[in-house]
Amino acid sequence: MSANQLDKKSEAWSALFSEPMSELVKRYTASVFFDQRLWRADIQGSLAHAEMLAAQGVISAEDHAAIQRGMAIITQEIESGAFQWKLDLEDVHLNIEARLTQLIGDAGKRLHTGRSRNDQVATDVRLWLRDEIDVIGALLAELQKALVDLAERHAEVIMPGFTHLQVAQPVSFGHHMLAYVEMFARDAERMADVRRRVNRLPLGAAALAGTSYPLDRQRVARTLGMDGVCQNSLDAVSDRDFAIEFTAAAALVMVHVSRLSEELVLWMSQSFGFIDMADRFCTGSSIMPQKKNPDVPELARGKTGRVVGHLMGLLTLMKGQPLAYNKDNQEDKEPLFDTVDTLKDTLRIFVELVGGIVVKPEAMERAALKGYATATDLADYLVKKGLPFRDAHEVVAHAVKTAIGLGVDLSQLPLATLQSFSPLVGEDVYEVLSLRGSLEARNILGGTAPAQVRAQVERHRARLGA
Ligand code: ARG
């Protein structure tokens with residue numbers, strides 16, 4: 001590129017090209033308006049590459065110093081907003097390189113020695129994503145802590161546990177919250193695992209086949225804090241499986257948030273009335289003055305579809321590509337960026353939202369009483385008195401039917417009525433028919449008894465350092 005050609009990439013490829021690109025093709029092929037967010041990673045990668053080129057004697061110490069100087073100026077220009085991004089220069093890489101050459105001359109042109117945009121872009125995306133994964137990991141830890149706090153405050157609160165959305169057995173509200181802690185803990189593990197494969201260095205793969213310059217790839221990997229180098233140049237420049245598996249892990253986080261959102265929406269409805277949500281997470285209606293809508297969880301549920309869509313998009317982007325690099329891969333960025341943005345915003349907002357949940361224990365308990373939630377306890381009681389479980393199941397079905405007919409709870413049936421279903425029933429039956437008795441009875445590892453909930457809270461606190 002000669003100095004007067006720096007602004008026009010379309011004229012800058014090589015002498016081979018005899019006509020300029022049309023405006024439409026320029027816009028269609030350019031990525032600078034979305035990939036400029038990789039600028040910090042791009043400069044970081046370039047500085048590590050230049051340092052190694054100098055150490056290997058491929059470029060001079062003076063060139064290296066000039067590159068450092070130029071990159072410092074560019075960093076300052078981008079941070080202050082003074083940097084002029086040019087569509088004509090297609091992407092973040094060519095924009096920065098062209099400005100470098102404008103600032104420092106020939107040394108800027110030597111930076112690209114032994115490198116291609118193919119290994120450069122793969123490196124940039126990995127560096128950027130690695131740091132974002134660390135932010136996401138921290139947010140997942142915060143969300144878990146918020147849920148653990150909520151669980152601890154409400155370990156004794158009894159709510160109906162559901163299967164098929166039918167009242168099943170009483171559970172502790174704290175236990176219910178800790179179920180989500182388990183999900184988000186696995187999500188954090190998945191993110192950490194993905195990070196190990198993201199954090200490997202493509203640089204040195206050059207366009208596709210490696211390079212004849214004596215590059216020290218391990219040195220660049222160390223400088224960039226990467227866990228190793230990609231071992232096959234064709235794979236290094238072409239596969240985006242690391243972005244796909246990140247998006248899959250992100251989609252799972254969103255699915256977990258979405259399930260929680262669905263429950264919050266239900267619980268806040270008049271029919272349940274289990275919780276209230278701080279006003280700052282809700283909106284009103286322009287026509288119905290009584291309305292308070294749980295917009296934030298609804299949107300989180302909706303945005304889950306968007307992230308799942310990005311996963312499908314990336315998988316489809318990859319499936320038909322022959323080795324090695326193809327321009328298709330430029331399309332990896334917008335879905336990946338949007339996944340990161342959506343996930344981070346959602347997690348940040350949920351940390352706050354969970355902290356602002358107001359629990360209504362009386363409504364939860366009332367709902368648990370309405371649904372014959374202790375029927376299993378009555379069956380277990382009869383089993384402990386010697387009746388085979390299947391027979392006990394049948395006896396309790398009759399008892400529930402009678403109670404429904406009378407419009408009362410099992411615990412409100414007189415002893416004589418209960419004994420008419422089985423002579424094994426004694427005075428002590430009322431202990432197991434109470435919600436609290438049922439809850440306390442499930443005092444087994446992983447069970448809902450408040451003692452178990454508190455033990456789990458301790459375990460999570462130790463694990464999270466909270
Ligand atoms: N903007 C391109 C991308 O995102 C950079 C790599 C371009 N490489 C090439 N051979 N055209 O993938």
Side-chain angles (χ1 to χ4, degrees), residues 1 5-14 16-17 20-22 24-46 49 74 78 83 85-101 109 111-130 132 198 200-211 230 232-244 246-247 310 313-340:
M1 256 183 249
Q5 284 178 320
L6 284 168
D7 289 354
K8 291 235 189 318
K9 179 217 62 177
S10 53
E11 293 163 14
W13 291 127
S14 72
L16 196 67
F17 287 72
M21 259 181 185
S22 79
L24 181 59
V25 173
K26 251 189 244 172
R27 259 195 292 120
Y28 196 73
T29 56
S31 54
V32 65
F33 291 116
F34 52 83
D35 70 13
Q36 58 181 262
R37 81 149 86 182
L38 294 174
W39 71 269
R40 212 181 274 280
D42 194 68
I43 290 178
Q44 196 187 355
S46 287
H49 181 67
I74 293 172
I78 299 176
F83 191 89
W85 299 101
K86 294 181 181 128
L87 182 76
D88 269 322
L89 288 166
E90 192 176 285
D91 59 22
V92 61
H93 324 291
L94 292 178
N95 267 272
I96 290 178
E97 194 187 329
R99 178 69 182 135
L100 185 70
T101 301
K109 298 186 201 167
L111 170 62
H112 213 50
T113 312
R115 187 176 76 166
S116 151
R117 274 189 301 155
N118 297 352
D119 56 347
Q120 185 178 359
V121 69
T123 302
D124 290 4
V125 176
R126 283 168 182 265
L127 281 174
W128 174 83
L129 185 56
R130 174 190 73 186
E132 294 294 344
V198 169
R200 289 186 196 154
L201 181 76
L203 277 182
L208 75 164
T211 176
C230 300
N232 180 291
S233 60
L234 297 165
D235 175 51
V237 294
S238 68
D239 207 344
R240 295 292 182 267
D241 60 353
F242 67 90
I244 295 173
F246 165 78
T247 308
H310 292 326
L314 288 173
L315 284 165
T316 312
L317 172 70
M318 206 71 246
K319 75 174 273 293
Q321 287 192 51
L323 298 186
Y325 176 85
N326 303 281
K327 188 81 169 186
D328 310 41
N329 280 339
Q330 182 162 290
E331 288 289 307
D332 66 353
K333 288 168 197 63
E334 286 163 293
L336 191 60
F337 294 165
D338 188 67
T339 296
V340 166

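Quick caveat: nothing in here was measured; it's all calculated off a predicted structure. Counting starts at 1 for both ligands and their atoms, in listed order.
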*Show which atoms of ligand 1 fall inside a sub-4.0 Å distance from at least one heavy-atom site of Tyr325.*
2 (C), 3 (C), 6 (C), 7 (C), 8 (N), 9 (C), 10 (N), 12 (O)

*Looking only at N/O atoms, are Lys333 and ligand 1 under 3.5 Å apart anywhere?*
yes

*asked:* Counting only heavy atoms, tell me which of Val125, Asn118, Asp91, Asn329 gets closest to atom 10 (N) of ligand 1.
replied: Asn118

*Taking the side chain as every heavy atom from C-beta outward, state whether His93 and Ser116 have any pair of such atoms under 4.5 Å apart.*
no

*For Ser31, the ligand 1 atoms whose distance to one of its heavy atoms is below 4.0 Å*: 1 (N)

*Under-4.0 Å salt bridge between Glu331 and Arg240*: no

*For the side chain of Asp239 and the backbone of Val237, is there at least one donor-acceptor N/O pair under 3.5 Å apart?*
no

*Distance from Leu94 atom CG to Asp42 atom CG, nearest 0.5 Å?*
9.5 Å

*asked:* The criterion is side chain to side chain donor-acceptor pair (under 3.5 Å); which residues satisfy it with Asp119, sequence neighbours excluded?
replied: none

*Nearest protein heavy-atom contact for atom 11 (N) of ligand 1: which residue, which atom, what distance?*
Arg117 NH2, 3.4 Å

*Does His93, backbone or side chain, put an N or O under 3.5 Å from an N or O of ligand 1?*
no

_Distance from atom 2 (C) of ligand 1 to nearest protein heavy atom, with residue and atom_ = Gln330 OE1, 3.3 Å

*Does Arg27 have any salt bridge (Lys or Arg N to Asp or Glu O under 4.0 Å) partners at least two apart in sequence or in another chain, and if so, which?*
none

